Amino acid sequence: MNDQKRTHRSSFLSDPGSIAPSVDKTWRDDFILELRLLDVPGDRIGDHLMTVETHVADSGESAQEAFGDAAAYARELVPDATDRGLKVSPLIIVGNLLGLLGIYFSLWAFGSWLDGGPAQVFVGTLVSLTVLLGLVVLVAVLFVPMMRFISDRPAAVGIVTFLLLGALVGLPMLFLQQPLFDVAPWVLGVLGILLLVVSSVMVHMATKDDSDEITAPGETPKKSRAGLLAALMLPLATVVGMVLVWIPTLFA
Amino acid sequence: MNQEQWPSEWLRGVLGVCVLRILLDGPSYGYAITQRLEESGLGTVKGGTLYPLLGRLEDAGHVEVEWRPGEGGPGRKYFALTEQGRHEALAQSVRWADFTTTTRALTDAAMTPGRN
């Protein structure tokens, strides 16, 4: 074993499969995804990936030729593959639910403030909110099978998801406009910010010690900032949303 | 017989004992093992078949692994028999010899001239 501990440069945006440059990127991405979904630790994924890398480099064959389908090969490597699956932490599920609510209320507050009036709550608003939260819970519960389904047909799933979300969330807002009550924008804004803060804290707590980075044998990962970035994701999305809500008003 | 014509179900049955036998000669890495199998007349064994087998041998305690350094990278993954693995390799070789003797006692008669 190489006594010099090489350090793998850790970056939220880096390609985890870059430790195996001889392996076709599509194959290694599918391989890594399947091993992640089987809840294999990052260092074991690195070991398996480097084994493929060295065999491909020695033999001159492609990974597909030498190992066949990436997901099928990954399952061959994991004992009891059918009984294993990635478990999403409840802290992450609840944290993201609260974060989505935070975005929803924050953008609603901002839009109402720009309009200069109170935020009007309609029947459709509550229905859309309930549908949105229900979908998030569904995704969390069915995370592993959904990820496998999406990985095989990402473009089609993306289009269908966009249309489905638009229909399920947008149509109630469009047709169920019976007014219920008004809310001052600042109330929604404070609620939104509070929810985003709580969400960020929960996600950070769930991810800060769990980088589980993919490392080649003998490599020591640098402390990852992935947990911090995951915690800031929804607040950043809120700011982007606010900009998107604000821009059309410049031309009104 | 042309090595490319061995039925895959036969190869699946014999691969374990052959890999153990190869490792009796000393630690080796995956691609070298496939080359040795091919030179021995068993045909091409793909990485997708070999490495899961080596993984099962490791889980059973017959094989231990070591990454040996290469140039600027983690190098190659070498597989070596444990003491338990050496006993298993010898035991399987003996049993395989018995098995082939048993099967040939039955099947050799099919080659008797004039039988068919």
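Naming convention: chains lettered A, B, ... in sequence-line order (proteins, then strands); numbering from 1 in each chain. What you see is a predicted model, and the numbers here were worked out from it, not measured in a lab.
Atom CG of A/Leu77 is separated from atom CZ of B/Arg56 by 9.5 Å, given to the nearest 0.5 angstrom. A distance of 8.0 Å separates NZ of B/Lys46 from OG of A/Ser59, quoted to the nearest 0.5 Å.
Contacts of A/Glu61 with chain B are made by side-chain atoms alone, with heavy-atom separations under 4.5 Å and no backbone atom involved. Residue B/Thr34 touches chain A through its side chain alone, counting heavy-atom pairs closer than 4.5 Å.
Donor-acceptor pairing under 3.5 Å is lacking for the side chains of B/Tyr29 and A/His55.
Aromatic ring centres of B/Tyr51 and A/Phe67 lie closer together than 6.0 Å.
Proximity of B/Trp67 to A/Thr51: side-chain heavy atoms (C-beta onward) are separated by under 4.5 Å at one or more points. Contact of the B/Lys77 side chain with the A/Asp47 side chain is registered, since non-hydrogen atoms from C-beta on lie closer than 4.5 Å.
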